[in-house]
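Structure record follows, encoded as structure tokens.
Side-chain atoms are counted along with the backbone in the values below, which use heavy atoms only and exclude waters and symmetry mates. Throughout, a chain's letter reflects where its sequence line sits, starting with A, and its residues are numbered from 1.
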Amino acid sequence: MRWSQLFIPTLRDVPADAEVISHKLLLRAGYIRQLGAGIYSLLPLARRSLLKIENIIREEMDAAGGQEFYLPALNPDDVWKASGRWDVMGANMFRIKDRAGRDLCLGMTHEEVFTSIAKDGLRSYRDLPQIWYQIQLKFRDEPRPKSGLLRVRQFTMKDSYSFDIDKAGLDRSFDLHDQVYRKIFDRCGLKYTAVQAVSGSMGGSESQEFMVQSDAGEDWVVNCHKCGYAANLERADSKLDPVEDPEGDLKPAEVHTPGQKTIEEVTAYLNTVPENLIKSLVYIVESKAWLLLLRGDHQLCEMKLAGAVGSENLRPATDLEIRDLFGADPGSLGPLGVSNLSILADNSLQGRRNMVCGANRNDYHLENVTPGRDFTAEFTDLREIQAGESCIKCGSSLEIFKTIEIGHIFKLGTKYSQSMGATVLDHNGKEIPVVMGSYGIGVDRILASAVELYNDENGMILPRSIAPFEAVITLIRPDNPAHMEFAEKLYLELRNRGIDTILDDREERPGVKFKDAELIGIPVRITVGKKLDEGSVEIFTRADKKMEVIPAEKCLEETIRLLENYADKINGL
RNA sequence: CGGGGCAUGGCGCAGUCCGGUAGCGCGCCUGCUUUGGGAGCAGGAUGUCGGGGGUUCGAAUCCCUCUGCCCCGACCA
């Protein structure tokens, strides 16, 4: 490939719309252009990189026994109605009508279509297990697309689906995907964390996400350095230090607290600590009100609430609704005497005594309230944990960081096979629903994550395996026939050795060529210039910015050697 | 969906308050010089000023309206 003939539209100025690093660099380096909100055109550089990522995925999926499919993005409504997700997906699903007025949608994921194939095609336990996958476009009408390729409305996903006869088989398929995903992300040069996750609208019993640490991400991950416990904040748990409650078998007593509404105000006014307060929140779930109780210093985790009440259709109650329900305003609420709504209490309130809560009467609170005795509630995990709390497994201090989700694997069970009638005959000739798993990788997010992880003031520093080119021969004087002849020969030799090389033969000044090569993140640059007249060339490695001058005849082997060791340099970043 | 911001040549911006028919940097084209870290000189091209409507002798600028994009929040597989 000659640079002079390629379309690599690099920019000097950063487009004003770009906020996160990967977005800025992908635009500046000529990888992508925006067509609309959350819709991007992939230019040749991005295409090269993404094809390399896809091929890594393909190789590893095939090696694990996966079979590649290619399913339609355009889906008739019936399969989605059969699974019940035509309604569940709501406004996130792109819906269209055909000329006859029939409902269709653009696929957000492909459990339904794969299950419909399994329904007809898989008949007996003898056909199992199966692992089916595809690398294909997904369409999701995101409420808020953002951050370049990180959150878009059309993207490439590798999705795979496992079909097993029983739970043990599903466990094997799930573990297999866990291993395969680690190989894929390792080969792509990413640093990632596998975390326990919430299944959400996908359904199923257990799920695990693969996360790349980055402030450009949107998910928070809780991680224990010592024992390796890691979970999405939406489901993470921690060990709490015991709280010293006031001694004695005291009776609830009303206390006048004029104008004291917040936890801080009440704590100060009553000369106590937030740990001794019961925080009362009111939520409306599916139009039904719930009273939620937490320790004064804790925050509610809405995803945990959603899990506890079995619905994601929830919101905080309005002040007006609260007044109707309690006859008091927020800031004076509590569980005593509440009979008209369900009460959920966080586990941290279990076994406590002599606490403080609102009296359901403005400007009054209750002291000496003991959960379980003075009110009843269902105890469950509701609180969002905080950095520095103790690891649930080993007790070490937990860290919390922001991440990009690049993969998510689910144990679905029989949710889809049951609703869609995908059954097989077991050993006894009995018809049973096939046990499924579902596994996704965000292909474009791998590229964006790599850019987020590895960059400097000069641009991207891409891992060799996913860089659009592995090496660039920068010809300082393309008008010098001897230099050109050497460069072309070297180019062919590198190509013959399997090195994906580009020859920068443009009539540009050297500085422009250096800047461009660094911006687009090519691992190794061979500079052919005036030193060639003394028989030497220069080799530069992008990751560590090391420059060496070597005899021209050693250039081929040195390039290969540097590329072989390049992964270590990326890891050092 | 709520809040905030933006829309002027390929990219970055000024001009808008206070109306007079569009400018700067980069990029692009031509020529000459230059050639190891985003060159210099000279010349040149490129604009429905997001769309529609209105006010006015005259609108990038004032008024109304629509659309698009970005950010925060809500939401999210």
On RNA chain B, compare the nucleotides closest to Ser147(A) and Ala16(A); which residue's is nearer the 5' end?
Ala16(A)
Using the closest heavy atom to pick a nucleotide of RNA chain B for each, name whichever of Val14(A) or Glu302(A) lands nearer the 5' end.
Val14(A)
Would the base of rG27(B) count as contacting Asp13(A) through its side chain, where contact means a donor and an acceptor less than 3.5 Å apart?
no
Can Arg95(A) and Asp141(A) be counted as an ion pair, charged N to O under 4.0 angstrom?
no
When you measure from the side-chain N and O atoms of [X] to the phosphate of [N], is any distance below 4.0 Å, counting only OP1 and OP2?
| X | N | result |
| --- | --- | --- |
| Lys146(A) | rC72(B) | yes |
| Arg144(A) | rC72(B) | yes |
| Gln34(A) | rC70(B) | yes |

Separation of atom [atom1] in [X] from atom [atom2] in [N], rounded to whole Å:
| X | N | atom1 | atom2 | value |
| --- | --- | --- | --- | --- |
| Glu218(A) | rG73(B) | CD | C1' | 12 Å |
| Arg12(A) | rG27(B) | CZ | P | 4 Å |
| Arg315(A) | rC75(B) | CZ | P | 12 Å |
| Glu507(A) | rU30(B) | CD | P | 12 Å |
| Glu142(A) | rC1(B) | CD | C1' | 15 Å |

With rounding to whole Å, what would you report as the distance between rG47(B) and rA60(B) at their P atoms?
16 Å
Whole-angstrom distance between rG12(B) and rG27(B), as gauged at atom C1'
11 Å
Review item, nucleotides 31-34 of chain B N/O atoms under 3.5 Å of protein N/O:
residue	atom	partner	partner atom	Å
rU34(B)	O2	Arg509(A)	NH1	2.7

Going by the side chain to side chain donor-acceptor pair (under 3.5 Å) test, which pairs reach into residues 445-455 of chain A, not counting sequence neighbours?
Ser22(A)-Glu452(A)
With side-chain hydrogen bond (donor to acceptor under 3.5 Å, both in side chains) as the test, pick out the partner of Tyr416(A) among Lys119(A), Arg85(A), Glu111(A).
Arg85(A)
Looking only at side-chain N and O atoms, does His408(A) offer a donor or acceptor that is under 3.5 Å from a partner on Ser207(A)?
yes
